[in-house]
Amino acid sequence: MEPFPSGDRIQLPRNMIENTMFEEEPDVVDLAKEPGLHPLEPDDVEYEPRSSRLLVRGLGEHEMDDDEEDYESSAKLLGMSFMNRSSGLRNNTAGYRQNSEGSCSLPSVRTMVVCAVVLVIAVSVIMVIYLLPKCTFTKEGCHKKNNSMELIYPLATNGKRFPWAKTRLPTDVVPLRYDLVLQPNFTTTTFSGSVQITVNVVQDTWNIVLHSSGLNITKATLSAVSWGHAKEVDFLEYPLNDQIAVVAPKSLLVGQNYTLTINYSSNLSNTYYGFYRISYKAENSTQRWLAATQFEPLSARSAFPCFDEPAYKATFAIKIKREEQHLALSNMPKKATTPVADGIVQDEFSASLKMSTYLVAFVVGDLKNSSKEVNGIQVSIYAMPQKLDQVEYALDTAVKLLDFYQKYFEIEYPLQKLDLVAIPDFQAGAMENWGLITFRETALLYDNTSSVMDKKRVTTVIAHELAHQWFCNLVTMEWWNDLWLNEGFATFMEYFAMKKTFKDMSATDEDFLNLRFKTMMKDSLNSSHPISLAVETPEQIEEMFDAVSYVKGASLLLMLKNLLKDDAFKAGIQIYLHNHSYKSTRSDDLWDDMNKITNGTLDVKKLMKTWILQKGFPLVTVKRKGKTVYLQQERFLRSAGAENQTSDSSYLWHIPLTYTINNCSLHLCPYVYLLDQKSATITLNVSDDVKWVKFNVDMNGYYIVHYAEEDWQALIDLLQRDPTALSAEDRASLINNIFTLAGIGKVPMASALHLTNYLEKENDTAPITQALYQLGHIYSLLEKRGMGYLVVRVKNKVEQLLGNKIKQQIWTNSGNPSERELRSTLLTFACSHDMESCSTNAAQLFKTWKDSNGTNSLPTDLMKIIFTAGAKTTDGWNFLFDIYSSSVSEAKKSKILEALASTDDVAKLIWLMQTSLEGDIIRAQELSHIIATVSQSLPGHLLAWDFVKENWETLVWKFHRGSYTIQHIVTMSTSLFSTKAHLLEVKTFFESKLEESSPHRSVTEAIETIQMNIQWMDRNLGQLQQWL
Ligand SMILES: [Zn+2]
């Protein structure tokens, strides 16, 4: 999946909640592994106190009688704090009831009274019980661990014992094939379904436990060849773990196949998960519907009962009943269409290859396509009919990339068709469903208002999703702890494939470099987490979709590729993909296959384990005397008092250090040294005097470097004297590393500012982008603290360094892609910081455009800047909003929306956020980007935070607890706070929400970031006053 809805992956969360009070699960019996293997009878249900029932997760969202409801709702309120952490509000029924519009139903007065009484009693009981460590609940009370005892099972919704207590499914039954029939109904916004699952029994059992979430199951039958006919069977539901258990009429025998048939119905979801509905207005303003799926990571279970874990691969034969005028798509090609009722037809799709449930997909609606056949594979781009003229670029790009991957991996794309579909409302950027990739419209559509960066964005996302057809769909991570095997690879391949396939595309290396910088900032906090991390609850799984899995994963692969060299790396990947096709893998499988290539010359597994099992990354300190270099590694931390901390000595990485020096001959450079100890000494093998040395060449390694004062000075002098002696990536990395080190007091801020003085001679995008990022961040922090005099001095500093370059920019699309991108970067900064005559020029261009009623063409790379200048007046803002409402160009609309969210008009900002949350006039998919934009401006940053606080419950319901969207909203709305008062406010707010769930990783991150900002201010204000 590409979770980043815009081109910017900056604000990615880092932290992991490592030890909450809720981490320890109460001990429960693994019934399926118990001897006897009998179905539970009602008589077996043991007495349990109400409070313990809550603690052992006995409650869910089953339907209740009215009489039962008050009692149950009180219990639910009590249970929330303990339970929501695992089930959360992942669908509109989980946890507590919500109506179809997502608002919570209000409890009755009777409920409130009962609630209050029960609350007092139960809280006391719960506190006493829960505070007893390692307590397990039985009919005899609480036992310490290791005592032999009889344990309590969770209770199903019907009060019977549920035969399974873990969140992961038992392994005694595995699915082989699903035959699924679905019929969405847009009038009732529901769907009905029937699934036939052929399973194989691995170990004798009486139960089949599988996933189901929010499905109203009407009938279940089980059959076996030896039984003669299908038998109706009982089933138990345990919504807290999204599980159902089918109780067999007789023991299911090892080695036998059985067929489980389940009939059910449900609502089409009005969140972005599961089988969800989207309404939109057609060209003639009539209301239209479209239904699409988003199953990764855990929502296939809300469309059909299934074994919803990635390792349970099976084949899927899907049939969809639809209205005649609609179109249905699924992973596989359509085999036949047959009429089934008046106006209703059924599409039957070919059976799929073996795949995971989260890759199943279907779309039903009114879409049109453009297609090309390449080597027997039909490649199609689908979009809403009025947007069909925006798909050609995506079609050409997909065809080229498909060809590239087939050759690079030496494995053919195994399906006969590949559909890429632009979905009009989509939370993520894109999703790699096998054969049916779904995209947010801005990530797939391209038109004459697309900028050079928009084009790159479309290319990148297609490259990412196509790479997934191998890394993810063909070879899948066994469990979500190794999500990086999917996402790190897809992220790495997107840059690699683009560089190889689209040689005219500018600065792909630099884009990847910028992502590495930003990810390392996040990975250098104390609360970061290892790439490969044990996860179990839905929220923990959602939180894996972050920069660490994606960008750090990709960065480590880049480092490994540079160490092994291209051919060996490619050979290792090919072995891995061939060996594990249609199977599931762990990280070790990849390292074992890479080791087959290195043939004992390098232990890839040993080296890479130091990077994927440890959080953070190393700081390498370099001290040189003549040709002798002393090296030392330690964990790099930006946390509180990091400069005084002795780093945790248990951290040790095997670092493939690279370095270059003056007079380094090309065939020797860069030098490589494997630093696998805490410290080492090397001798530079050169005849000449060493004037300077630069480690981590092109910043291809995932570490930062600190030099002794004189070596920093030598590099600063080199940049002044002859900047091109170092590559653009090296120059950018020096700027990044010195500001990062200055931030924690390892280097004086004066040295960092001094280093930037060479920028007057800089012409490349990467170093300029990095310098503007660093100085812009300082500007933003000072601005939000009301330090106007210092803000002006930061601006003067940028003007002094880059003023001439900004003045030289012309307001057109002329030049090569690299020049166009640099122009956009410089003018965006200049206009948003009111520099030079940027805003005046932009406002003038806007006026001319508006006077032409929006018909004049504007330079697409600068369109957003011009719209932003125009949106500063009420008239301009209203004009832009009208265009936004009527345009079918997603590229243009996204630029307008960002301009609208950059206004200083507070009322308009509030209206934008609220309207997007409602999702009709502005789609809710835009909300996190709107909040992020608002939170960066002076008038908006407090508003954004207030909005998040006020709408927190709705936000987590709509976008899912722990999801990338929620991570983005939390980190962005708090990222520029730098006072103790704000720290306290953010802490207090999220502590008050602990009632509902354990803290999000992003919350821990947000709090640590504010602490860092406070320290940064304390440390650097004095120096800035002196040196700016
Ligand atoms: Zn992905």
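In listed order, ligands and their atoms are each counted from 1. Position 1 is the first residue of the sequence, and the numbers go up from there.
The atom of His468 nearest to the Zn ion (ligand 1) is NE2, with the search restricted to N, O or S atoms. Here the N, O or S atom of Glu487 that is nearest to the Zn ion (ligand 1) is OE1.
Using cut-offs of 30° and 60° for the angle between ring planes, the Phe545 and Tyr550 rings count as tilted. Ring planes of Trp611 and Tyr702: perpendicular class, angle over 60° (limits at 30 and 60°). In this pair, Phe471 and Phe489 present their aromatic rings parallel. The plane angle is below 30°, not in the 30 to 60° band. Note on ring orientation: taking the six-membered ring where Trp is involved, the planes of Phe404 and Tyr408 are parallel (angle under 30°, cut-offs 30° and 60°).
Geometry note: the Zn ion (ligand 1) is the vertex, His464 NE2 and Met1 O are the arms, and the angle is 100° (rounded to 10 degrees).
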